[in-house]
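What follows is a single structure, written as structure tokens, with notes after it.
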Amino acid sequence: MSDTGETTAPAHPDLLAPVTADDVTRAVRLAVAVLRRAPDDADWGAKAGGLDWDCWETGEHLADDLFAYAAQLGPEHPPQDEVVPFHWVSRTPGGPANVTLADPAAGPAGLLMVVEACGALLTAMVATTPPAVRAHHGFGTSDPEGFAAMGVVETLVHTYDIAHGLGIGDTWSPPGELCARVLHRLFPDAPTDTDPWATLLWATGRGELPGRARLTQWRWYGAPRV
């Protein structure tokens, strides 16, 4: 641990490539492409994988995560101990509290357009914010790369949730090298000798690994790695 509270990672040449704005774009485009393959009669009101939310709510939550991460980097002096004070609302009791909501009349195509648009906002903010900038997140004050990695993780795992809820879960398998880099950035205790996608699912409480039980509680670490 450094004097600034930033965690020190062991050198690992295969995993040191940073997470970038381009990775956010890549993750969102891959996710949207897969979800667009859902049948026309797919039930977006079905539960999203193992979540309590339905597929539509989870899609809105994903869009809102991408938007919120962009917003945290937006002010000239980003907040260091709180989120930007938007008004958060839930559509349903127990549903996710969001700022960003999609018009139900626009259907799944409209919802996915909202996800794309919010992903583009995060891409733009990560690309244009100086690396030294820090902003608050509940899992550790972070930098632009950290917010990019968070956006990628949210996109990969919530696409997994939604795809399983829509019955197309076997069509979603994101790039292993992208999974490995966000694991390296946000999950310093995750194993590095296992399949990266399976490991990311394990690290976010969605799967098991050989010799490792499914997690019932999990978090990532947003502090920049030195």
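If you read the sequence from its start, that first residue is 1, and numbering goes on from there.
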Output side-chain donor-acceptor pairs under 3.5 Å for residues 161-170, partner residues at least two apart or in another chain, one line each.
residue	atom	partner	partner atom	Å
D161	OD1	R206	NE	2.9
D161	OD2	H158	ND1	3.0
D161	OD2	R206	NE	3.4
D161	OD2	R206	NH2	2.8
H164	ND1	Y160	O	2.9

What's the shortest heavy-atom distance between [X] and [Y], and which atoms?
X    : Y    : value
T100 : A63  : CG2-CB, 4.5 Å
E76  : P78  : O-CD, 3.5 Å
T204 : L200 : OG1-O, 2.9 Å
P144 : P130 : CG-O, 3.5 Å
R219 : G140 : NH2-N, 4.4 Å
R181 : P18  : NH1-O, 2.9 Å

Side chain to side chain contact (heavy atoms under 4.5 Å, CB included) evaluation trace for W172 with L156
CA-CA 9 Å; W172 179 236; L156 300 187; 3.7 Å; yes
In the structure I gave you, are the side-chain heavy atoms of S142 and Q72 within less than 4.5 Å of one another anywhere?
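A side-chain contact under 4.5 Å is absent here.
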Check whether [X] and [Y] end up in the same hydrophobic cluster, where Ile, Leu, Val, Met, Phe, Trp and Tyr are linked by side-chain heavy atoms less than 4.5 Å apart.
X    : Y    : value
L122 : V83  : no
Y69  : V114 : no
L215 : W220 : yes
L66  : L121 : no
L51  : V157 : no

Taking only residues two or more places apart in sequence or in another chain, which ones pass salt bridge (Lys or Arg N to Asp or Glu O under 4.0 Å) with D143?
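In terms of salt bridge (Lys or Arg N to Asp or Glu O under 4.0 Å), with neighbours along the sequence ignored, D143 is linked to R185.
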Distance-only check: which donor-acceptor pairs under 3.5 Å involve side-chain atoms of residues 36-48, not counting sequence neighbours?
residue	atom	partner	partner atom	Å
R36	NH2	E116	OE1	2.9
D43	OD1	G45	N	2.8
K47	NZ	D52	O	2.5

Just how far is it from atom [atom1] of [X] to atom [atom2] of [Y], taken to the nearest 0.5 Å?
X    : Y    : atom1 : atom2 : result
D195 : L201 : CG    : CG    : 9.0 Å
W197 : L178 : CH2   : CG    : 10.0 Å
H136 : L73  : NE2   : CG    : 12.5 Å
Y221 : H137 : OH    : NE2   : 13.5 Å
T159 : L62  : OG1   : CG    : 6.0 Å

Are V115 and V28 close enough, and set up right, to give a side chain to side chain contact (heavy atoms under 4.5 Å, CB included), and what steps lead you there?
CA-CA 8 Å; V115 171; V28 170; 4.3 Å; yes
Would you mind writing out the side-chain donor-acceptor pairs for residues 85-99 within the sub-3.5 Å range, not counting sequence neighbours?
residue	atom	partner	partner atom	Å
W88	NE1	F86	O	3.2
S90	OG	G95	O	3.1
S90	OG	P96	O	3.4
R91	NE	E60	OE1	3.0
R91	NE	E60	OE2	2.9
R91	NH2	E60	OE2	2.7
R91	NH2	A102	O	2.5
T92	OG1	E57	OE2	2.5

Can you list the residues that meet the side-chain hydrogen bond (donor to acceptor under 3.5 Å, both in side chains) rule with T123, with sequence neighbours excluded?
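side-chain hydrogen bond (donor to acceptor under 3.5 Å, both in side chains) list for T123, sorted by chain: T25.
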Partner set under side-chain contact (heavy atoms from CB on, under 4.5 Å) for T194, not counting sequence neighbours
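By the side-chain contact (heavy atoms from CB on, under 4.5 Å) rule, T194 matches P191, T199, L209.
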I need the single residue from W56, F67, W53 that forms a ring pair (Phe, Tyr, Trp, His ring centres under 6.0 Å) with H61. Which is it?
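For H61, the ring pair (Phe, Tyr, Trp, His ring centres under 6.0 Å) check succeeds only for W53.
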Using modelled atom types and a 3.5 Å cut-off, is there a donor and acceptor pairing between side-chain atoms of E145 and backbone atoms of V19?
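Pair found, side chain donor or acceptor close to backbone of V19.
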Ignoring hydrogens and angles, tell me if any N or O in the side chain of W202 forms a donor-acceptor pair with the backbone of A213 under 3.5 Å.
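Judged by distance alone, yes, a pair lies under 3.5 Å.
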Would you call the rings of W218 and F139 parallel, tilted or perpendicular if under 30° counts as parallel and over 60° as perpendicular?
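Perpendicular, since the angle between the ring planes exceeds 60°.
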Check the surroundings of atom CZ in R29: do more than 12 heavy atoms from other residues, nucleotides or ligands lie under 6.0 Å from it?
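No, not enclosed.
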